[in-house]
Amino acid sequence: MTTIRLTNTRTRRKELFEPIDPGNVRMYVCGPTVYDRAHLGNARPVVVFDVLFRLLRHVYGADHVTYVRNVTDVDDKINARAAESGRDIRAITEETLRWYHEDMDALGALRPTHEPRATEWIGAMIAMIGTLIDRGHAYEAAGHVLFRVRSYRDYGALSGRSVDDMIAGARVEVAPFKEDPLDFVLWKPSDPSLPGWESPWGRGRPGWHIECSAMSRALLGDSFDIHGGGLDLQFPHHENEIAQSRCAHPEGGFARLWMHNEMLLVDGRKMSKSLGNFFTVRDLLDRGVPGEVIRFVLLSTHYGRPMDWTDAKAREAQEILFRWHEIARQAPEGPPHPEMVDLLADDLNTAGAIALLHRLAGEGDGAALRGSAALLGLLGEEMGRWAEPKADGDLLARLAQTLTQERVRARQTRDFSTLDRARQALTEAGIEVRMTADAVTLHPGPGTDPARLRELAAEIAP
RNA sequence: GGCGGGUUGGCGGAGAGGUUACGCAGCGGAUUGCAAAUCCGUGUAGACCGGUUCGAUUCCGGUACCCGCCUCCA
């Protein structure tokens with residue numbers, strides 16, 4: 001059995017991964033709030049944890065891994081979007097979730113086992129909030145229910161902060177009804193214009209953090225193996241989840257291993273609308289950057305390091321993938337190379353894994369290349385459609401033959417002008433012209449222009 | 001202010017206390033009518049200052065600079 005080692009954010013150490021139940025390895029990853037298109041930063045955890053999902057399935061068996069990723073479809077950003085657009089909330093969340101699926105599918109991410117929507121688990125949240133009140137960890141004030149942070153001794157353990165430190169540097173707006181500035185909302189009242197559910201505390205809606213505690217418990221139990229998300233969620237979101245879950249169900253351990261991916265930068269800076277470097281996954285796809293290329297770039301840096309997106313990286317990735325597809329296409333998919341599994345099992349060393357793919361490609365081992373790349377979600381048939389030759393094979397064969405003959409003639413007459421003109425034109429149409437000792441062969445590149453090629457064929461080899 | 005992370009060759013980017021990462025680009029060569037492609041060869045890089053060690057880019061401490069979180073955020 002492969003030994004998997006993963007960095008646990010809580011201990012900041014690489015730890016041996018031992019599932020609670022190898023027959024059902026359980027992972028929870030924080031998913032999207034569905035109010036707008038996913039930006040590139042949203043894509044990083046999706047792709048990173050997709051690789052982990054693939055690895056776990058490979059090691060423990062596809063039927064022995066449960067992956068839950070929530071959909072936050074009740075949130076004040078959504079309400080704001082509805083208010084400003086006049087659209088129905090449900091219409092917004094449905095549409096945004098559909099977009100999310102389209103975009104993440106394009107990146108080759110497998111769908112999680114479960115994608116619970118917050119609005120379908122309000123009952124579980126109300127029940128958990130009730131338990132927290134009963135146990136003295138939460139209180140009702142001014143129509144709100146708040147979590148009493150001071151009641152949980154280990155609050156801050158995940159992110160390495162103490163409650164007193166946080167108070168000292170707190171920039172939180174302190175609502176007058178809070179017992180303590182750090183207390184956070186579990187439930188808040190909704191006026192008639194806002195979505196709301198009946199509860200023991202009146203008509204209202206849940207705070208942001210409680211959904212993850214309630215849904216992870218419902219689908220994975222009081223104790224499960226891995227909880228993941230972006231590093232920015234470490235505090236306060238994950239800290240609050242831990243506090244809620246541990247206090248409501250102290251008999252459980254909640255998540256054993258915490259994993260956080262580092263942030264994504266664009267051209268060395270945080271992606272933001274004001275810097276003008278903000279874009280969505282869909283923007284890139286529409287610009288013609290294949291999803292597979294985006295995925296490759298995201299995996300070329302270890303998940304624990306900041307990842308800088310640049311167009312230069314995308315171009316380089318596209319050329320590499322194109323070459324790999326040429327090799328992989330001619331081979332059946334083999335099993336992954338053992339080193340590939342070991343590399344990923346070592347805290348998801350995706351950069352090292354890509355280096356191995358370079359080696360396999362260099363050796364011309366198409367079967368191992370395909371099988372190994374599959375663990376990274378690369379070189380799949382669907383994913384690689386963009387790299388399929390766009391040129392008509394018969395047409396190319398005819399052109400190649402004509403050029404071969406022309407070359408024989410040119411060598412005799414020492415007049416290469418016709419041949420060179422044809423080569424020039426083909427190169428401009430995105431065809432690579434290779435002249436070996438006795439033949440001319442043509443290889444369509446990623447930028448092949450099929451229409452232009454047909455014109456040239458009519459001219460050169462009618 | 002509090003907490004955390006980073007600094008590797010022209011660029012990107014890994015692992016490992018002592019032996020080539022790898023990719024891209026560059027350079028030299030083979031090949032070619034010329035190119036392209038391919039093949040071969042080629043780079044002692046590790047912010048700075050100390051310490052531990054026979055030996056550190058790799059461990060420890062400090063300095064500088066950069067970044068993130070602490071507020072919605074993946």
Side-chain angles (χ1 to χ4, degrees), chain A residues 9 12 29-33 35-36 38-49 69 72 75-78 80 156 158-173 182 208 228-239 260-265 268-273 296-310 312-313 315-317 319-320 323 326 343 346-347 349-359 361-362 364 407 410-417 419-420 423-424 426-427 431-438 440-443 445:
Chain A
T9 311
R12 287 188 288 113
V29 174
C30 290
T33 300
Y35 69 104
D36 206 349
H39 63 246
L40 190 58
N42 293 307
R44 171 121 103 139
V46 171
V47 170
V48 164
F49 289 103
R69 186 179 63 203
T72 301
D75 182 276
D76 286 347
K77 286 193 291 291
I78 301 171
L158 177 70
S159 52
R161 300 151 202 256
S162 77
V163 172
D164 293 322
D165 285 346
M166 286 184 268
I167 301 274
R171 284 192 271 158
V172 269
E173 188 186 335
L182 288 179
W208 173 38
L231 187 59
D232 54 338
L233 293 182
Q234 184 189 30
F235 185 88
H237 182 54
H238 290 159
E239 206 73 74
H260 292 97
N261 60 278
E262 251 288 3
M263 300 292 96
L264 180 122
L265 306 172
R269 318 189 64 173
K270 187 181 175 177
M271 186 161 73
S272 76
K273 284 176 180 161
F296 183 104
V297 173
L298 291 177
L299 293 177
S300 63
T301 298
H302 183 85
Y303 75 87
R305 296 212 170 203
M307 150 87 228
D308 193 14
W309 173 276
T310 63
K313 282 185 181 176
R315 279 194 299 273
E316 192 179 316
E319 280 168 29
I320 291 165
R323 286 204 309 268
E326 285 186 307
L343 283 162
D346 181 13
D347 202 25
N349 184 0
T350 52
I354 287 172
L356 174 64
L357 296 183
H358 277 294
R359 205 184 86 203
R407 186 142 175 275
R411 276 168 143 174
Q412 284 164 357
T413 61
R414 309 308 291 168
D415 175 11
F416 290 95
S417 56
L419 184 63
D420 286 346
R423 179 175 68 193
Q424 173 79 19
L426 284 166
T427 303
I431 302 291
E432 189 188 294
V433 181
R434 294 184 196 166
M435 296 191 189
T436 59
D438 50 308
V440 176
T441 58
L442 301 176
H443 304 260

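The sequence lines fix the lettering, A, B, ..., with proteins before strands; numbering per chain opens at 1. Remember, predicted model here, so these are calculated numbers, not experimental data.
Pair assignment for B:rA56 gives none, since no Watson-Crick or G-U wobble pairing has each distance under 3.5 Å. Look at B:rG17: it lacks any Watson-Crick or wobble partner with both distances under 3.5 angstrom. Both distances falling under 3.5 Å, in either a Watson-Crick or a G-U wobble arrangement, occur for no nucleotide opposite B:rU32. Across every strand in view, B:rC69 sits in a pair with B:rG2 that passes the Watson-Crick or G-U test at under 3.5 angstrom. Pairing partner, B:rG43: none, since no Watson-Crick or wobble contact has both distances short of 3.5 Å. Base-pair partner of B:rC48: B:rG62 (Watson-Crick or G-U wobble, both distances under 3.5 Å).
Across B:rU57 and B:rC69, the matching C1' atoms stand 29 Å from one another, rounded to whole Å. B:rA56 and B:rG46 have their P atoms separated by 14 Å, with the value rounded to a whole Å. Using atom C1' as the reference point in both B:rC66 and B:rC39, the two lie 42 Å apart (nearest Å). B:rG28 and B:rA35 have their P atoms separated by 13 Å, given to the nearest Å. For the C1' atoms, the distance from B:rC49 to B:rU7 is 15 Å, rounded to whole Å. Nucleotides B:rC65 and B:rU20 place their P atoms 37 Å apart, quoted to the nearest Å. For the C1' atoms, the distance linking B:rU63 with B:rC73 amounts to 34 Å, nearest Å. Comparing the C1' positions of B:rU42 and B:rU53 gives an interatomic distance of 34 Å, to the nearest angstrom.
An OP1 or OP2 oxygen of B:rG13 is reached within less than 4.0 angstrom by a side-chain nitrogen or oxygen of A:Thr301.
Between A:Tyr303 and A:Arg411, the residue anchored nearer the 5' end of RNA chain B, judged by the nucleotide with its closest heavy atom, is A:Tyr303. In terms of position on RNA chain B, the residue among A:Val433 and A:Ile354 whose nearest nucleotide sits closer to the 5' end is A:Ile354.
Counting any heavy atom pair closer than 4.0 Å across all strands shown, A:Arg323 reaches sugar-phosphate atoms only and no base atom. The residue A:Leu419 sits close to a base: some heavy atom pair falls under 4.0 Å. Among the atoms of the strands shown, none is found under 4.0 Å from any heavy atom of A:His443.
Atom CG of A:Leu419 and atom CE of A:Met435 lie 4.0 Å apart (nearest 0.5 Å).
In this structure, the nucleotide among B:rA14, B:rC24, B:rG68 sitting nearest to the side chain of A:Glu316 is B:rC24. Of the listed nucleotides (B:rA74, B:rC70, B:rC24), B:rC70 has the atom at the smallest distance from the side chain of A:Phe235.
Looking at every heavy atom in both residues, A:Val297 comes nearest to A:Ala317 through CG2-CB, 3.8 Å.
For a distance-only test at 3.5 Å, the side chain of A:His260 fails to qualify as a donor-acceptor partner of the base of B:rA74. At a cut-off of 3.5 angstrom, counting only N and O atoms as typed in the model, there is a donor on one side and an acceptor on the other between the side-chain of A:Arg423 and the base of B:rC34. Residue A:Asp420 places a side-chain atom within donor-acceptor reach of the base of B:rG33, judged by atom type and a 3.5 Å distance cut-off alone.
For A:Arg69 and A:Phe49, the positive end is not near the middle of the six-membered ring at less than 6.0 Å and at most 45° from its axis.
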